[in-house]
Amino acid sequence: MRSQHLFLALCLALPLVAGCTTFPALDRTITPALEAAPYPELVPLGPVLARAQAEGVAPERANAALDRRIAALRARAAGLRGSVLSGRERQRLAQGLQ
């Protein structure tokens, strides 16, 4: 019961402690050259979207790349499933545990 009260008190105190952290010094982090730089040029969104759709990724190529990646990861996982210890090492370990 006492440990439950202690756990509850710690859980309630954690946000209070997190609220007391110091913020990083963000004042004057922008260089004078950056302040003097002109604003970026605003462009209409329509042509940008049209170009992105025209240059888009072909789903067949994306699927093929993902399938190759999945096969490689599955092969790697299969290689890691084997025993780490050789038969002799396993015997030594079993003798040491007895």
Side-chain angles (χ1 to χ4, degrees):
M1 184 77 164
R2 180 176 165 97
S3 63
Q4 290 177 346
H5 286 107
L6 180 63
F7 179 72
L8 180 62
L10 287 174
C11 288
L12 292 175
L14 186 63
L16 295 174
V17 173
C20 296
T21 60
T22 58
F23 290 101
L26 298 177
D27 296 333
R28 304 321 256 152
T29 56
I30 298 176
T31 63
L34 189 57
E35 285 183 2
Y39 283 101
E41 181 182 337
L42 296 178
V43 294
L45 190 57
V48 173
L49 289 176
R51 186 176 58 199
Q53 289 174 349
E55 297 173 359
V57 176
E60 299 83 23
R61 284 191 295 168
N63 286 342
L66 286 174
D67 289 340
R68 285 191 304 271
R69 175 86 172 132
I70 289 169
L73 288 173
R74 285 186 176 153
R76 185 176 174 194
L80 293 173
R81 282 193 192 103
S83 177
V84 176
L85 300 175
S86 67
R88 183 175 173 199
E89 291 170 334
R90 196 175 299 116
Q91 284 178 341
R92 280 188 61 206
L93 183 61
Q95 289 172 356
L97 290 176
Q98 290 177 1

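Note that the coordinates shown come from a computational prediction; the quantities given were computed from them, not determined experimentally.
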Please go through Leu8's hydrophobic cluster and name the other residues, only I, L, V, M, F, W, Y counting, with side-chain heavy atoms under 4.5 Å joining them.
Leu12
Between CG on residue Asn63 and CD on residue Glu60, distance to nearest 0.5 Å
7.5 Å
Gln91 meets the side chain to side chain contact (heavy atoms under 4.5 Å, CB included) criterion, sequence neighbours left out, with none
Using side chain to side chain contact (heavy atoms under 4.5 Å, CB included) as the criterion, list what pairs up with Leu66, not counting sequence neighbours.
none
Output every pair passing side-chain hydrogen bond (donor to acceptor under 3.5 Å, both in side chains) with a member in residues 35-50, not counting sequence neighbours, ordered by first then second residue.
Arg28-Glu35
Sorted by chain and residue number, the side chain to side chain contact (heavy atoms under 4.5 Å, CB included) partners of Ser86 (sequence neighbours excluded) come out as Arg88, Glu89
Taking ILVMFWY side chains as joined if any heavy atoms are under 4.5 angstrom apart, and letting links pass through other members, which residues group with Leu34?
Ile30
Please write out which residues are connected to Leu73 in a hydrophobic cluster, directly or through intermediates, given that two of Ile, Leu, Val, Met, Phe, Trp, Tyr count as joined at side-chain heavy-atom separations below 4.5 angstrom.
none
Give me the other members of the hydrophobic cluster that Leu45 sits in, counting Ile, Leu, Val, Met, Phe, Trp and Tyr linked by side-chain heavy atoms under 4.5 Å, directly or via other members.
Leu49
Those residues that, when tested against Arg92, pass side-chain hydrogen bond (donor to acceptor under 3.5 Å, both in side chains) (two or more places apart)
none
Which pairs count as side-chain hydrogen bond (donor to acceptor under 3.5 Å, both in side chains) when at least one residue sits in residues 65-78, sequence neighbours excluded?
none
